Amino acid sequence: MGIQDILEKQVKEAVKVLYGVDVPSVEFQPTRKDFEGDITLVIFPMLRYIKGNPVEIGDTIGTFLVDKVSEVSHFNVVKGFLNLIIHDTYYLNFFKDILGDTDYGHAQATDSGAIMVEYSSPNTNKPLHLGHIRNNLLGYSVSEILKAAGHKVYKTQIINDRGIHICKSMVAWQRFGEGETPQSSGMKGDHLVGKYYVAFDRVHKQQIAEMVAAGTDREKAGKETPILCEAQEMLRKWEAGDAATVALWKQMNGWVYDGFNETYKNLGVDFDSLYYESDTYLLGKDVVADGLEKGVFFKKADGSVWIDLTDEGLDEKIVLRADGTAVYMTQDIGTAIQRVKDHPDISGMVYTVGNEQDYHFKVLFLILKKLGYSWAEKLYHLSYGMVDLPSGKMKSREGTVVDADDLMVEMTRTAQGISEELGKLDGYSETEREELYRIIGLGALKYYILKVDPKKRIMFNPEESVDFQGNTGPFIQYTYARIQSILRKAGEMGDDKGLTGRGDLGLGAKEKELVKKVMVYPGTIRLAAENYSPALVANYVYDLVKEFNSFYQQVSILGEPNTESRRFRVVLSRKVGEIIKSAMALLGIMMPERM
RNA sequence: GGCCGCGUGGCGCAACUGAAUAGCGCAUCUGAUUACGGCUCAGAAGGUUGCAGGUUUGAAUCCUGCCGCGGUCACCA
């Protein structure tokens, strides 16, 4: 039971005994640095139930608490704030309790059902770019946070592997590829296919120009170029199951998947299961038929099926075309239901998709609710803002995208440059160094993106790239590495064995602040999970690290003459290091032993 | 135009979802360290939280109206 729970109970008791009323809730906050105290009871909300002067009420309750609650040492009242000072022994006991808990901060697994998290979900005709990186990092991190909060998680993605856009790459490769493969060209598969997608676009534009010059209307030309007709013909063949077309499609998609997998591996993300649009694009039609019968949907004169959401302040939305074919929404309805069929323990789903689809998901969730699925209440659109460049939006056609693979390499090289200046890597082999540069470079990138609230837009400047000082990944990694350095030395001194006594010594101011930060780690994870927000974890680690650096600067750890005191500081440092590593792992960021 | 999101020192971000004098980093200025890793620490300066009202004992936070930026209003995905 945390100190706040204890106090909440006691404050309610105090109010009942002293004033004869029940207060439904009690509000606490950490005491601000400018005042003495550990935790503060805010009196103001109680004035609703207790008439009187807040200062007097604070005094009365404070006296009661000191008397009744052994953890409370003394108090002071400032305006409507009752600042409570907690005994050092409470913190020391708490710290001893959690010291051996290697899983500290993680909640016990609950059986409240699994959550499926969808993220990444790329097209198979273009390599991944910076926008996907934000998506992947968010999806992966939220998955890890949900796990840490005690949920079972399935990570998945839907791969957009069919449609006219895929056929464009196929046509271009057939026409101009001359049998080029990733092996023959030495190109990553996704980049190779992307190259032909771009080639298609170029030829298409050229043909439009030719047709316009020959007198065709521009708009008409855009829809009827020979190469586009060829792609459309290929799509028809694909849908008809033409063997040669399907074989080519499989081959080229295979290249892309190999390329994607390499990127995912480098980025450090993974998936438990995959859904392919080629398998799911026909799903959902029967559900629509079903919903039509139930009266959730209605049919228009031309035979198309719609849902009327005007009562909800939204519009009418189509769910099935007049010719009976599925639209995007149809598929998403079907896919959601399919996922629950595949994983019957699912109780909720998270969709990591950019905020340009806010409306789509609002409608999707509403439809699933109206169809009566119990899990529809627990669907969440993890919506995030675009990543912009100084030059504006990323546009693949204008070649202004930041390629994911290139960016990771750049970040690694930047980290190398900085590391080499510092030169703390004696005895590291070439491969060890390379791995370290990756850890630092990717750590910088990931932290930079994840520390920002998901719904905000991010401006990414590739030139200035990412800072390595201040509130950054490498700053945290550096602190971690320094702790490890202390622990190595402490090990030689035999001081990392654990606590001996310490009970009588009390806690130094910096030690106490540090323990208090350690204390709120589990609550931070819970909050981050509730809000689907890695940023909360990032901010927490940063706070913890700053507190540690302040402690580190203020007191001597290994130089402390008193054995018990020294050991306590070593063990405290070790625990802080463990938490840094654990929390950063929730962001998908690794910690180096040295750097 | 309708709907959705965002607007916080020069720049980049926080603020436990309504509480104390709005925090932090970068940049600027000043200082600390014979010590465990100086990618550290302490301090200074910098704000009418886009504007105007309203609710409240109390508003960056909630409500209304403007202004600005972005997104979205496809039988595309």
Side-chain angles (χ1 to χ4, degrees), chain A residues 27-35 40 42-45 47-48 54 78-81 83 121 123 158 160 162-165 277 281 300 302-306 313-315 317-323 325-332 354-360 362 383 385-386 388 393 418-419 421-422 424 440 448 451-453 455-459 461 464 467-472 474-475 477-479 481-490 493 520 523-524 527 531 535-536 538-540 542-543 546 548-560 566 569-570 573 594-595:
Chain A
E27 190 176 324
F28 290 102
Q29 55 180 272
T31 304
R32 291 179 67 104
K33 284 250 177 353
D34 335 310
F35 303 97
T40 294
V42 187
I43 303 292
F44 294 112
L47 297 178
R48 229 177 279 259
V78 181
K79 295 199 245 176
F81 299 90
N83 301 321
S121 303
N123 286 336
I158 181 139
N160 191 348
R162 57 147 243 125
I164 187 71
H165 49 284
E277 205 206 327
Y281 80 107
K300 286 198 176 176
D302 64 358
S304 59
V305 181
W306 297 70
L314 305 175
D315 299 325
K317 188 84 186 172
I318 188 161
V319 293
L320 202 63
R321 290 193 188 102
D323 63 6
T325 54
V327 293
Y328 181 33
M329 189 62 78
T330 327
Q331 290 178 45
D332 269 5
N355 64 7
E356 74 271 15
Q357 295 198 38
D358 284 355
Y359 185 75
H360 173 77
K362 211 177 198 177
S383 165
M386 298 287 106
D388 294 323
K393 281 190 70 168
I418 293 173
S419 289
E421 276 175 40
L422 279 158
K424 291 272 180 189
I440 298 171
Y448 181 85
K451 76 173 178 185
V452 182
D453 186 300
K455 62 176 180 259
K456 288 197 175 177
R457 293 168 54 181
I458 291 183
M459 167 80 100
N461 189 334
E464 291 173 19
D467 265 332
F468 284 68
Q469 284 171 38
N471 187 2
T472 67
F475 172 82
Q477 288 171 325
Y478 174 73
T479 304
R482 203 160 56 172
I483 290 173
Q484 300 318 303
S485 168
I486 292 171
L487 294 180
R488 280 190 294 271
K489 289 210 167 71
M493 291 164 68
V520 296
T524 302
L527 201 63
N531 290 288
L536 295 177
N539 289 334
Y540 168 76
Y542 179 60
D543 274 350
K546 260 201 318 179
F548 179 82
N549 281 331
S550 178
F551 158 81
Y552 171 89
Q553 202 73 22
Q554 189 91 15
V555 306
S556 182
I557 298 170
L558 298 178
E560 165 66 34
R566 188 171 65 237
R569 287 174 187 170
V570 169
S573 303
R594 20 183 128 172
M595 64 187 281

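Here the structure is a predicted model, which means the values were calculated and not measured. Proteins come first, then strands; the chains are lettered A, B, ... in the order of their sequence lines, and each starts at number 1.
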J.: Mapping F44(A) and L47(A) onto RNA chain B by nearest heavy atom, which one lands closer to the 5' end?
T.: F44(A)

J.: List in chain and number order the residues that pass ring-ring contact (aromatic ring centres under 6.0 Å, His included) with Y359(A), two or more places apart in sequence or in another chain; answer none if no residue qualifies.
T.: none

J.: For H360(A), check ring-ring contact (aromatic ring centres under 6.0 Å, His included) against everything at least two apart and list the hits.
T.: Y328(A)

J.: With sequence neighbours left out, what residues match K300(A) under side-chain contact (heavy atoms from CB on, under 4.5 Å)?
T.: F298(A), D302(A), S304(A), W306(A), E316(A)

J.: Check side chain to side chain donor-acceptor pair (under 3.5 Å) between R488(A) and all other residues, then give those that pass, not counting sequence neighbours.
T.: none

J.: Dot-bracket for RNA chain B, 5' to 3', with Watson-Crick and G-U pairs under 3.5 Å, [ ] for crossing pairs and | for other-strand pairs: what is it?
T.: (((((((..((((.....[...)))).(((((.......))))).....(((((..]....))))))))))))....

J.: Can you give one letter per nucleotide of nucleotides 67-77 of chain B, 5' to 3': B if a protein heavy atom sits under 4.0 Å from the base, S if only from the sugar-phosphate, - if neither?
T.: --SSSSS-BSB

J.: Just jot down the ring-ring contact (aromatic ring centres under 6.0 Å, His included) partners of Y552(A), sequence neighbours excluded, or say none.
T.: none

J.: List the residues meeting ring-ring contact (aromatic ring centres under 6.0 Å, His included) with Y542(A), not counting sequence neighbours, and say none if there are none.
T.: F475(A)

J.: Only counting residues at least two apart or in another chain, list the ones meeting side-chain contact (heavy atoms from CB on, under 4.5 Å) with T31(A).
T.: F35(A), T40(A), N83(A)

J.: Please state whether the base of A42(B) and the side chain of S550(A) form at least one donor-acceptor pair under 3.5 Å?
T.: no

J.: Restricting to side-chain contact (heavy atoms from CB on, under 4.5 Å), what partner residues turn up for S550(A), sequence neighbours left out?
T.: K510(A)

J.: Mind checking what makes side-chain contact (heavy atoms from CB on, under 4.5 Å) contact with E27(A), not counting sequence neighbours?
T.: V42(A), P45(A)

J.: Can you tell me how far C1' in G9(B) sits from the matching atom in G47(B), rounded to whole Å?
T.: 5 Å

J.: Tabulated below should be each protein N or O lying under 3.5 Å from an N or O of nucleotides 25-27 of chain B; please produce it.
T.:
from   : atom 1 : to      : atom 2 : distance (Å)
G25(B) : O2'    : N471(A) : N      : 3.3

